[in-house]
Visitor: 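First the structure, then my questions, so here it is.
The first residue in the sequence is number 1, and the count goes up from there. Basis for what follows: all heavy atoms, side chains included, without hydrogens, waters or symmetry-related copies.
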Amino acid sequence: MKYMKLGTKPDTFYTEEAVRSVVSDIPADLIIHVNNTKYQLHKFPLLLKCGLLQRLCSDTDDCDEEPVPVALHDIPGGEEAFELCAKFCYGISISISAGNLVPAMLAARFLRMTEAVAKGNLVAKLETFFDSCVLQGWKDSVAALQAAWRISGWSESRIVQPCIDSIVEKILMPPSKVVWSYTYTRPGYNTRKPHQSVPKDWWTEDISALDIEVFRSVISTVRTSRLLPPPLIGEALHVFACKHLVDPLHVGSSGVENGVLHQPPQKSAAAEETLVAKQRHVLESIVTMIPGEPGSVTCRILLRLLRVANYVSASSSTRAQLIRQAGSQLDEARAADLLIPLPSDPQAYDVGAAEAVLEHFLEQFQRPASADGRHRMSAAMEKVARIFDEYLRTIALDRDFPVGKFVHLVECLPDIARSDHDGLYYAIDIYLKEHPELSKADKKRMCRLIDCRKLSPDVRAQAIANDRMPLRTIVQLLFVEQERTIGAAGGSHATDGGAADRASVGVSVISQLAARTKDEEPASSADHKSDVHRPRRDHARVADGAAAAAMTRSLLVSTKTPPVARKERTPEESRTRNKQ
């Protein structure tokens with residue numbers, strides 16, 4: 001940042017008993033009250049350069065021995081800005097930079113320290129520094145704009161608008177011509193070469209320090225120029241959102257720094273409501289700035305904004321826009337991005353929002369598309385299926401999640417979406433493990449969702465040995481496993497050989513099923529003398545085993561080779577046979 005130094009005298013202001021005074025042999029004849037601070041000063045240096053004080057003290061008698069009291073509670077910038085102006089009047093050395101220029105300029109104008117009052121007055125010097133130095137720099141313009149906005153908002157357009165124009169002009173400049181300092185902490189950029197051009201999004205981090213209203217003004221002006229691509233605008237929104245919006249997934253979490261556990265400070269209900277309202281305003285403003293072009297903002301950012309929208313109870317139109325745009329890009333997301341906490345319970349997830357995003361993604365397949373478009377959509381569908389199955393694994397860990405709702409979530413994806421069912425099997429297995437109280441009917445209902453033929457060999461082998469799988473599912477898995485084994489061994493067998501192989505499949509299935517059923521049943525009577533302490537036989541499981549065996553027998557019957565029809569002999573063949 002650039003600086004301007006005014007005055008040459010040393011600083012002689014001091015504080016005594018909450019009163020600010022100046023070291024001088026002349027007693028103070030002017031008392032100025034600024035908010036909670038009292039200044040004991042002198043008329044002579046101040047009235048020479050302050051037109052406002054000249055008017056306020058014009059009715060006082062110079063012979064009066066009592067100091068003249070003046071209240072300046074409305075001065076912009078408060079005590080610090082007033083003290084800069086007072087020191088300038090005394091000729092005390094002061095340093096002006098973009099950080100304190102705006103309050104000093106506003107206070108000087110308030111005190112009417114203009115050229116009409118005295119030549120070389122403070123307002124003219126500050127305006128010259130503002131035009132020739134601050135507006136020419138990048139960080140100086142940003143700092144001055146932020147200070148002007150927080151002090152007076154749009155009412156001080158003589159500072160705000162020139163700063164906005166300067167910032168926009170620099171943003172639109174080609175990166176190869178950027179030579180001023182800027183803040184850039186994107187990963188991997190610390191290895192830049194000496195003469196390497198700045199990255200295209202070099203400006204995003206610095207303007208993210210602005211308040212939302214002035215940030216929106218800058219972004220709107222940049223978009224109007226149509227000189228920057230929409231993804232670059234989206235990156236600026238991404239950086240701003242990460243800096244100003246709290247991710248609900250991290251709300252209430254504690255952190256460890258240098259071995260010390262830091263707990264988040266507790267806020268009152270009023271403070272919490274104020275924070276939520278501010279977050280809601282920022283979020284809705286960001287959403288209105290998202291470019292309409294596809295891919296201008298990544299799906300991960302859209303889903304993060306959707307989490308915030310849930311947390312701050314954003315408007316329905318804001319949520320609908322985020323769901324629609326995230327759904328069109330769902331194949332770019334990760335499973336963790338779909339975890340949207342409920343506002344009432346941060347430990348539970350809003351599966352309705354995730355389902356709505358998935359529905360908007362599936363709507364794309366109902367529109368006519370070219371061959372290339374269908375191919376891209378098919379590849380996107382496979383990615384989404386893997387993402388959603390991984391999402392189901394997390395949902396399955398919820399002990400209170402109802403089985404009907406889980407089945408409904410599984411069925412949200414059409415059958416053609418899953419090229420394999422490995423991820424679905426893991427999700428269902430986790431649900432069965434976390435919900436041991438499920439009835440057998442519910443277990444069968446869930447496992448019927450798994451297509452045994454779409455499981456990889458390793459997962460199929462794991463499922464066959466899984467005690468949580470119903471017996472009917474085990475039978476299906478065994479048949480698929482044996483058929484795949486025979487097919488791998490060679491498919492060139494004769495018809496009779498094929499029938500024998502199919503018969504052997506049934507025998508192998510029965511033997512494996514019998515072994516499994518035997519392991520699950522109590523020991524035989526030969527192993528102990530009495531049935532008094534024998535556990536009750538699980539009749540339902542026996543019934544399942546019997547049904548499975550019956551199904552296997554029916555398969556064996558269907559695979560038996562039909563008998564060869566007897567061939568009738570001709571009379572010549574009969575006579576020849578009788579002679580022999």
Side-chain angles (χ1 to χ4, degrees), residues 246-256 261 263-264 303-304 306-311 313 323 330 333-359 384-413 417-418 420-452 455 459 462-474 477 520 535-536 538 540-541 544:
V246 178
D247 192 336
L249 286 177
H250 304 144
V251 170
S253 62
S254 58
V256 177
L261 181 65
Q263 296 291 347
L303 290 173
R304 173 175 177 158
L306 183 57
R307 288 197 295 270
V308 179
N310 251 28
Y311 179 70
S313 301
I323 289 173
L330 185 56
R334 300 182 309 176
D337 299 326
L338 287 170
L339 299 176
I340 303 173
L342 287 169
S344 56
D345 184 5
Q347 303 303 319
Y349 298 116
D350 185 356
V351 295
E355 184 181 347
V357 173
L358 179 63
E359 287 177 358
V384 169
R386 289 194 293 270
I387 292 167
F388 202 71
D389 285 346
E390 187 177 346
Y391 168 75
L392 289 173
R393 287 184 233 173
T394 303
I395 298 300
L397 294 170
D398 186 355
R399 296 296 302 273
D400 299 325
F401 201 81
V403 61
K405 206 167 184 180
F406 189 83
V407 171
H408 172 72
L409 279 179
V410 173
E411 294 175 337
C412 284
L413 272 176
R418 294 182 173 96
D420 67 76
H421 277 211
D422 288 2
L424 178 59
Y425 163 76
Y426 287 127
I428 290 177
D429 184 44
I430 291 173
Y431 191 92
L432 296 178
K433 182 179 179 180
E434 297 296 326
H435 300 77
E437 74 286 352
L438 277 185
S439 65
K440 291 189 176 182
D442 285 335
K443 289 183 179 180
K444 291 179 181 178
R445 178 186 177 190
M446 294 192 68
C447 292
R448 276 197 296 266
L449 300 170
I450 302 173
D451 187 342
C452 298
L455 295 178
V459 174
Q462 179 181 341
I464 290 173
N466 191 342
D467 293 338
R468 288 183 288 273
M469 294 289 108
L471 287 177
R472 183 178 297 272
T473 303
I474 299 298
L477 290 165
E520 294 176 352
R536 293 183 60 187
D538 190 342
R541 182 174 290 278
D544 279 346

Visitor: Could you check if a side-chain atom of Arg399 sits within less than 4.5 angstrom of a side-chain atom of Glu437, using non-hydrogen atoms only?
Guide: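 Heavy-atom side-chain distance check passes, below 4.5 Å.
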Visitor: What heavy-atom pair brings Ala385 and Ala417 nearest, and what distance separates the two atoms?
Guide: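 Taking every non-hydrogen atom into account, CB-O, 3.5 Å.
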Visitor: Just how far is it from atom CE of Met469 to atom CD of Gln462, taken to the nearest 0.5 Å?
Guide: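 The distance works out to 9.5 Å.
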Visitor: For Leu438 versus Met446, what's the shortest heavy-atom pair and its separation?
Guide: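 Between these two residues, the closest heavy atoms are CD1-SD, 4.0 Å.
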Visitor: Would you compute the distance between atom CD1 of Ile450 and atom CZ of Arg448 and round it to the nearest 0.5 angstrom?
Guide: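 Between atom CD1 of Ile450 and atom CZ of Arg448 there are 12.0 Å.
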Visitor: Tell me which donor-acceptor pairs under 3.5 Å the side chains of residues 423-432 have, and how far apart each pair is, sequence neighbours excluded?
Guide:
residue: Tyr425; atom: OH; partner: Asn466; partner atom: ND2; Å: 2.9
residue: Asp429; atom: OD1; partner: Asn466; partner atom: ND2; Å: 2.8
residue: Asp429; atom: OD1; partner: Arg468; partner atom: NE; Å: 2.9
residue: Asp429; atom: OD1; partner: Arg468; partner atom: NH2; Å: 3.2
residue: Asp429; atom: OD2; partner: Arg468; partner atom: NH2; Å: 3.3
residue: Tyr431; atom: OH; partner: Phe401; partner atom: O; Å: 2.5
residue: Tyr431; atom: OH; partner: Val403; partner atom: N; Å: 3.0

Visitor: How close do Ala336 and Arg307 get, counting heavy atoms only, and between which atoms?
Guide: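 The answer is O-NH1, 4.2 Å.
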Visitor: When rounded to the nearest 0.5 angstrom, what distance separates NZ in Lys444 from CG in Leu471?
Guide: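 The distance works out to 8.5 Å.
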Visitor: Decide yes or no for Leu409 and Phe388: does some side-chain heavy atom of the first lie under 4.5 Å from some side-chain heavy atom of the second?
Guide: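 Yes, side chains in contact.
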Visitor: Which heavy-atom pair separates His421 from Leu449 by the least distance, and what is that distance?
Guide: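 Closest pair (atom of His421, atom of Leu449, distance): CE1-O, 3.5 Å.
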Visitor: Check Asp398 against His435 and note the closest heavy-atom contact, atom names and distance.
Guide: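 Minimum heavy-atom contact is O-NE2, 3.0 Å.
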Visitor: Roughly how far apart are Leu303 CG and Leu339 CG, rounded to 0.5 Å?
Guide: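 Taking CG in Leu303 and CG in Leu339, the distance rounds to 10.0 Å.
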Visitor: Asp389 side chain to Arg386 main-chain N or O, any donor-acceptor pair under 3.5 Å?
Guide: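 Checked: no pair found.
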Visitor: Check whether any side-chain heavy atom of Leu455 lies under 4.5 Å from a side-chain heavy atom of Asp422, and answer yes or no.
Guide: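 A side-chain contact exists here, since the closest heavy-atom pair is under 4.5 Å.
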Visitor: So do the side chains of Leu330 and Leu338 get within less than 4.5 Å of each other, counting heavy atoms only?
Guide: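 Yes, their side chains come closer than 4.5 Å.
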Visitor: Side-chain polar contacts of residues 347-359 - donor-acceptor pairs under 3.5 angstrom, sequence neighbours left out - could you list them?
Guide:
residue: Asp350; atom: OD1; partner: Gly352; partner atom: N; Å: 3.1
residue: Asp350; atom: OD1; partner: Ala353; partner atom: N; Å: 3.3
residue: Asp350; atom: OD2; partner: Asn310; partner atom: ND2; Å: 2.9
residue: Glu355; atom: OE2; partner: His408; partner atom: NE2; Å: 2.8

Visitor: Between Arg304 and Asp337, is there a donor-acceptor pair closer than 3.5 Å when you use the side chain of the first and the backbone of the second?
Guide: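 Pair absent, no side-chain N/O of Arg304 close to backbone of Asp337.
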Visitor: Closest heavy-atom contact between Ile387 and Ala333?
Guide: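 Ile387 and Ala333 have their closest heavy atoms at CD1-O, 3.2 Å.
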Visitor: Does Val410 reach the side chain of Phe406, with side-chain heavy atoms less than 4.5 Å apart?
Guide: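 They are in contact (side-chain heavy atoms under 4.5 Å apart), so the answer is yes.
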